[in-house]
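Notes follow once the structure below has been shown.
FYI, the numbering just counts along the sequence from 1. These figures come from a predicted structure and were not determined experimentally.
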Amino acid sequence: MRLGLALGYWGRGPDPAHAGLAVEAERLGYDSVWTAEAWGSDAFTPLTWIAARTKRIRLGTAVAQMAARTPTATAMHALTLDHLSGGRMLLGLGLSGPQVVEGWYGRPFPRSPLTATREYVDIVRQVLRREGRVELAGRFHTLPYTGQDGTGLGKALRPITHPLRAGLPVLLGAEGPKNIAQTTRIADGWLPLYWSPLRTGVYEASLTDLPAGFMIAPMARACVCDDVAEGLLPVKAMLGFYIGGMGHAARNFHADLMARMGYEPEARRIQRLFAEGRRQEAVLAVPDAFADEISLVGPRERIAERLESWRAGPVTDLLVTAPDLRTLRVLAELNGQGP
């Protein structure tokens, strides 16, 4: 199981520690570093900043939002950074949800997410392969554009720049069972939002007949500390926000996932409290057990024991959100790697 460093997206501003964490992760033998985006900082610019300060570590987006860019624009970002970094790019994509897609990007959330994702990946692959002009008569993406409000002058094009790698890895952040199953057919890897090594059966039906080399790369908060309850507070805060606030009460993919993982009453209560403006109560309502099983928190010995259960399953890459250099170093040692 490889280790990756997940830096997420910025809050109020850039985190001055991120570049140093990435450099240290590379020194410690981490395989990859990942950035994200929500409705503030973008995913590609910080990754380019990190690429300029590192030499070996792979560079991933977990995730870049599909609604933020046309498929060809995303492919341009990926092939450009892949060239500049010497072939280190990993393109992680996600649909996001209706509130962000419609509220931030001003676009309709696709009524058929599987079709929209499939078309998006198809176009990205066409650009990266550069075998001919990029064309698709899709339901959500059409190249050249043929809408009635167009000029009719659109021309199918092939990228001017020759991509460094036609097989640049494409990964998808998918949560629903059908979306995960499709991911195994059209992508090179899957980026689970929550992963519990105690509940791998939740995904079993969607992960049959995995292709060779398919990546399963979940994110997990990691923190070496003496007080487990205190170490879990940031995990609970994240869960409270995602389950309560990152989606509508009638359509919240994160809450639905928590429900499928065996915590449906708790997920609905968190949603209700968050909707009522009782955000701190929503965070405290997150079960310690759930926060604990999707993270690696506690003394070194406890993390060492729990890390074995992550290794025993199908996870190929563990993307850790580690708040400090000590945690990064301990995980590297426990995973049998280092400078």
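In this structure the side chain of Arg329 reaches within 4.5 angstrom of the side chain of Leu28, judged on heavy atoms. Here the side chains of Leu3 and Asp31 are not in contact, with every heavy-atom distance at 4.5 Å or above. With contacts defined as side-chain heavy-atom distances shorter than 4.5 Å, the pair Gln182/Thr117 qualifies. Residues His18 and Pro46 fail the side-chain proximity criterion, which asks for heavy atoms closer than 4.5 Å. The closest side-chain heavy-atom distance from Tyr30 to Leu328 is below 4.5 Å. Looking at heavy atoms from C-beta onward, Phe241 lies out of side-chain contact with Lys236 at the 4.5 angstrom threshold. Side-chain atoms of Tyr194 and Pro218, non-hydrogen and from C-beta on, never get closer than 4.5 Å to each other. Using a 4.5 Å heavy-atom cutoff, the side chains of Met76 and Pro159 are not in contact.
Residues Phe140 and Leu114 do not share a hydrophobic cluster, defined by chaining ILVMFWY side chains whose heavy atoms lie under 4.5 Å apart. Cluster annotation: Leu334 is not connected to Leu319 through the hydrophobic network of ILVMFWY side chains, with a link wherever side-chain heavy atoms come within less than 4.5 Å. Residue Leu273 is not grouped with residue Ile270 when hydrophobic side chains (ILVMFWY) are merged at heavy-atom distances under 4.5 angstrom, including chains of intermediate members. Hydrophobic clustering, with ILVMFWY side chains joined whenever heavy atoms are under 4.5 angstrom apart, groups Leu47 together with Leu93. When the side chains of ILVMFWY residues are joined at heavy-atom separations under 4.5 Å, either directly or via intervening members, Trp190 and Leu318 end up in a single hydrophobic cluster.
Remark: the backbone N or O of Arg139 is paired with a side-chain donor or acceptor of Glu119 at under 3.5 angstrom. Of the possible donor and acceptor atoms, one in the side chain of Glu102 sits under 3.5 Å from a partner among the backbone N and O of Phe109. His83 contributes a side-chain N or O that, together with a main-chain N or O of Leu164, makes up a donor-acceptor pair within less than 3.5 Å. Thr327 places a side-chain N or O within donor-acceptor distance of the main-chain N or O of Val224, the cut-off being under 3.5 Å. Listed for the Thr151 side chain is a donor-acceptor partner under 3.5 Å among the backbone atoms of Leu153. In this structure a side-chain-to-backbone donor-acceptor pair under 3.5 Å is missing from Ser41 to Tyr9. Judged purely by atom type and a 3.5 angstrom limit, Ser206 uses its side chain to pair as donor or acceptor with the backbone of Pro177. A distance-only check finds a donor-acceptor pair linking the side chain of Arg260 to the backbone of Glu175 [under 3.5 Å]. Here the side chain of Glu26 pairs no donor or acceptor atom with the backbone of Thr54 at under 3.5 angstrom. For the pair Thr45 (side chain) and Asp42 (backbone), a donor-acceptor distance under 3.5 Å is absent.
Salt-bridge formation is detected for the pair Glu37/Arg69: a Lys NZ or Arg NE/NH1/NH2 atom is positioned less than 4.0 Å from an Asp or Glu carboxylate oxygen. A salt bridge does not link Arg133 with Glu135: none of the charged nitrogens is closer than 4.0 Å to a carboxylate oxygen. Ionic pairing of Arg300 and Glu333 is present here: one or more N-O contacts between side-chain nitrogen and carboxylate oxygen are shorter than 4.0 angstrom. Of the charged side-chain nitrogens involved, at least one lies within less than 4.0 Å of a carboxylate oxygen, so that Glu24 and Arg27 count as a salt-bridged pair. A salt bridge is defined here as a Lys NZ or Arg NE, NH1 or NH2 lying under 4.0 Å from an Asp or Glu carboxylate O, and Arg311 with Glu308 meets this definition. Ion pairing between a basic and an acidic side chain is recognised when a charged N comes within 4.0 Å of a carboxylate O; Asp256 and Arg268 show such pairing.
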Inset, instruction - Please assess Asp188 against Met215 for the test side chain to side chain contact (heavy atoms under 4.5 Å, CB included), listing each intermediate value before the final yes or no. - result: CA-CA 6 Å; Asp188 302 295; Met215 294 174 63; over 6 Å; no
Inset, instruction - Quick one: do Leu59 and Val33 satisfy side chain to side chain contact (heavy atoms under 4.5 Å, CB included)? Show the steps, please. - result: CA-CA 5 Å; Leu59 310 157; Val33 58; 3.8 Å; yes
Inset, instruction - Check the pair Arg302, Asp292 against salt bridge (charged side-chain N to carboxylate O under 4.0 Å, His left out), reporting the backbone distance first and the verdict last. - result: CA-CA 12 Å; Arg302 185 176 193 266; Asp292 196 23; 2.6 Å; yes
Inset, instruction - Could you please spell out the steps behind the side chain to side chain contact (heavy atoms under 4.5 Å, CB included) verdict for Met1 and Trp310? - result: CA-CA 8 Å; Met1 185 178 71; Trp310 289 79; 4.2 Å; yes
Inset, instruction - Any chance you could lay out the side chain to side chain contact (heavy atoms under 4.5 Å, CB included) test for Trp34 and Arg58, step after step, and finish with the verdict? - result: CA-CA 9 Å; Trp34 303 74; Arg58 294 197 290 173; over 6 Å; no
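Donor-acceptor pairing under 3.5 Å is lacking for the side chains of Ser32 and Arg88. For the residue pair Arg2 / Asn335, no side-chain donor-acceptor distance below 3.5 Å is found, with atom types taken as modelled.
Listed here is the closest heavy atom pair of Ala156 and Pro144: N-CG, 3.4 Å. Scanning all heavy atoms of the two residues, the minimum distance from Gly262 to Arg199 falls at CA-NH1, 4.3 Å. Considering all non-hydrogen atoms of both residues, Arg158 and Gly132 come closest at CG-O, 3.4 Å. When every heavy atom of Ala22 is checked against every heavy atom of Ile50, the shortest pair comes out as CB-CG2, 3.7 Å. Annotation for Arg125 and Ile186: closest pair NH2-O, 2.9 Å, computed over non-hydrogen atoms. Residues Gln65 and Ala38 approach most closely at OE1-O, 3.0 Å, considering heavy atoms.
For the pair Arg53 and Trp49, the cation-pi test (distance below 6.0 Å, angle within 45°) is passed.
Here the options are Thr115, Thr74, Thr70, the test is side chain to side chain donor-acceptor pair (under 3.5 Å), and the partner is Tyr120; only Thr74 passes.
Applying the 6.0 Å contact sphere to CD of Gln337 captures more than 12 heavy atoms from other residues, nucleotides or ligands. The number of heavy atoms from other shown groups lying within 6.0 Å of CZ (Arg269) does not exceed 12.
Considering CG of Leu171 and OG1 of Thr61, their distance stands at 8.0 Å, rounded to 0.5 Å. To the nearest 0.5 Å, atom CG of residue Leu232 and atom SG of residue Cys223 are 9.0 Å apart. Rounding to the nearest 0.5 Å gives a distance of 7.0 Å between CG of Leu207 and OG1 of Thr184. With values rounded to the nearest 0.5 angstrom, Leu325 atom CG is found 5.5 Å from Leu21 atom CG. Summarising the geometry, atom CD belonging to Gln271 is positioned 12.5 Å from atom CD belonging to Glu266; distances are rounded to the nearest 0.5 Å. Residue Ile303 holds its CD1 atom at 8.5 Å from CG of Leu307, rounded to the nearest 0.5 Å.
Remark: aromatic rings of Tyr105 and Trp39 are distant, center separation not under 6.0 Å.
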